[in-house]
Amino acid sequence: MSHRRLTSPSTCHRQRGLTLIGLLFWGGVIAVLAVVAMKVFPTVLEYYTVQRVVDRIAASNPATVPQVRQEFDKATQVEYSIQSVKSSDLVVTKDGNDKVVIEFAWDKEVDLFGPVYLLIKYRGRSH
C-alpha cells in the first residue's frame, strides 16, 4: 500500500505579488518622476534647439560678431522655444583655423512643487 502525503495548495505554491501599500508607494514614485520629467523636458528641448541654431550659424562662418547676433535673433523669431538665451548672451570667438566658435550658457530653475526647485545649468558651444 502506498502512502501519499497530502498537502494543501497553499503550502505548495507561495503567493507572490504586490501589496496595496507597495502599489501605492510605487505609484507615487512613478507619479513624482513623471511630473519632474514633464517639467524638465521643455528645457532640454530648448537646449537642443539652441545648440542646433548655434551650429548652423557657426557653419556659415559669419564675418562679424554683430552678424552672428543678428542671425541668432532671426532664428529666435522662428524658433519659439528659444526664450532663455538672447543674442547678447552668446560668446563669439575664433579658433586657430579662423573658424567662428559660439558659446552659450544659462541656468534654468524648474518649479517642482511648493518651495522645491530644480536648478539646471546648460552650457554649450558650436561644433
Side-chain angles (χ1 to χ4, degrees):
M1 183 171 183
S2 66
H3 293 287
R4 294 166 89 188
R5 184 175 170 183
L6 296 176
T7 58
S8 68
S10 65
T11 58
C12 288
H13 300 290
R14 186 173 174 195
Q15 290 185 350
R16 294 182 186 177
L18 203 59
T19 64
L20 179 60
I21 293 174
L23 181 66
L24 291 174
F25 172 77
W26 287 111
V29 168
I30 291 170
V32 167
L33 290 176
V35 167
V36 170
M38 287 188 302
K39 291 188 175 200
V40 168
F41 180 73
T43 67
V44 173
L45 187 64
E46 180 182 19
Y47 169 79
Y48 283 112
T49 303
V50 171
Q51 183 68 58
R52 186 172 34 87
V53 167
V54 164
D55 286 342
R56 186 187 43 146
I57 293 170
S60 69
N61 207 16
T64 64
V65 173
Q67 201 173 9
V68 170
R69 296 190 194 291
Q70 183 181 13
E71 286 187 43
F72 189 81
D73 286 336
K74 278 189 218 176
T76 58
Q77 291 173 0
V78 174
E79 298 287 349
Y80 65 89
S81 65
I82 299 176
Q83 296 178 3
S84 298
V85 64
K86 306 290 181 227
S87 62
S88 59
D89 299 330
L90 301 176
V91 177
V92 183
T93 57
K94 288 199 174 196
D95 66 2
N97 299 329
D98 217 28
K99 185 177 183 224
V100 172
V101 177
I102 305 170
E103 297 179 72
F104 58 90
W106 78 90
D107 297 343
K108 184 70 175 183
E109 281 186 2
V110 178
D111 179 19
L112 294 179
F113 47 87
V116 179
Y117 289 84
L118 177 65
L119 176 64
I120 305 172
K121 295 181 175 279
Y122 288 107
R123 307 271 183 263
R125 66 180 299 180
S126 60
H127 296 113

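- V44 and V50 fall within the same hydrophobic cluster, defined by Ile, Leu, Val, Met, Phe, Trp and Tyr side-chain heavy atoms under 4.5 Å apart, directly or through other members.
- Here the straight-line distance linking atom CG of D107 with atom OG1 of T43 works out to 11.5 Å at 0.5 Å rounding.
- Both F25 and L33 sit in one connected hydrophobic cluster of ILVMFWY residues. Membership requires side-chain heavy atoms under 4.5 Å apart, directly or through other members.
- Under the 4.5 Å side-chain heavy-atom criterion for ILVMFWY residues, a single connected hydrophobic cluster contains both Y48 and W106.
- Taking both residues in full, the closest heavy atoms of E46 and S84 are given as OE2-N, 2.6 Å, listed atom of the first, atom of the second, then distance.
- Taking the side chain as every heavy atom from C-beta outward, L112 and V36 approach each other to under 4.5 Å.
- A chain of hydrophobic side-chain contacts below 4.5 Å, direct or via other Ile, Leu, Val, Met, Phe, Trp or Tyr residues, connects V110 to V85.
- Shortest non-hydrogen contact noted between R69 and L90 is NH1-O, 3.2 Å.
- Across every non-hydrogen atom of V100 and A58, the tightest pair is O-CB, 3.8 Å.
- Once rounded to the nearest 0.5 Å, the distance linking NZ of K108 with CD of Q83 reads 7.0 Å.
- Connection of V40 to F113 is established within a shared hydrophobic cluster, with ILVMFWY side chains joined at heavy-atom distances below 4.5 Å, either directly or through further cluster members.
- Counting only heavy atoms from C-beta outward, the side chains of I57 and P62 approach each other to under 4.5 Å.
- In this structure, the separation between CD on Q70 and OG on S87 is 10.0 Å, given to the nearest 0.5 Å.
- Between the CZ atom of F104 and the CZ atom of R123 there is a distance of 10.5 Å, given to the nearest 0.5 Å.
- The closest donor-acceptor contact from the side chain of Q51 to the backbone of R125 lies under 3.5 Å.
- Taking OG1 of T93 as the reference point, atom NZ of K99 lies at 11.0 Å (rounded to 0.5 Å).
- Closest approach of Y117 and E109 over heavy atoms only: CD2-OE1, 4.1 Å.
- Ring-plane geometry between Y122 and Y47 is classed as parallel, the angle between the planes falling under 30 degrees on a 0 to 90 degree scale with a further cut at 60.
- Atom NZ of K74 sits about 14.5 Å away from atom CD of E79, to the nearest 0.5 Å.
- Heavy atoms only, all atoms of each residue included: N61 and D98 are closest at ND2-O, 3.8 Å.
- Side-chain contact between R52 and R56: absent, with no pair of heavy atoms (C-beta onward) separated by less than 4.5 Å.
- For I21, the CD1 atom is loosely surrounded, since the number of other residues' heavy atoms within 6.0 Å does not exceed 12.
- Although no hydrogens or angles enter the test, the distance criterion places a donor-acceptor pair under 3.5 Å between the side chain of S126 and the main chain of I102.
- In plain terms, the two heavy atoms of A63 and Q67 that are nearest each other are N-OE1, 2.9 Å.
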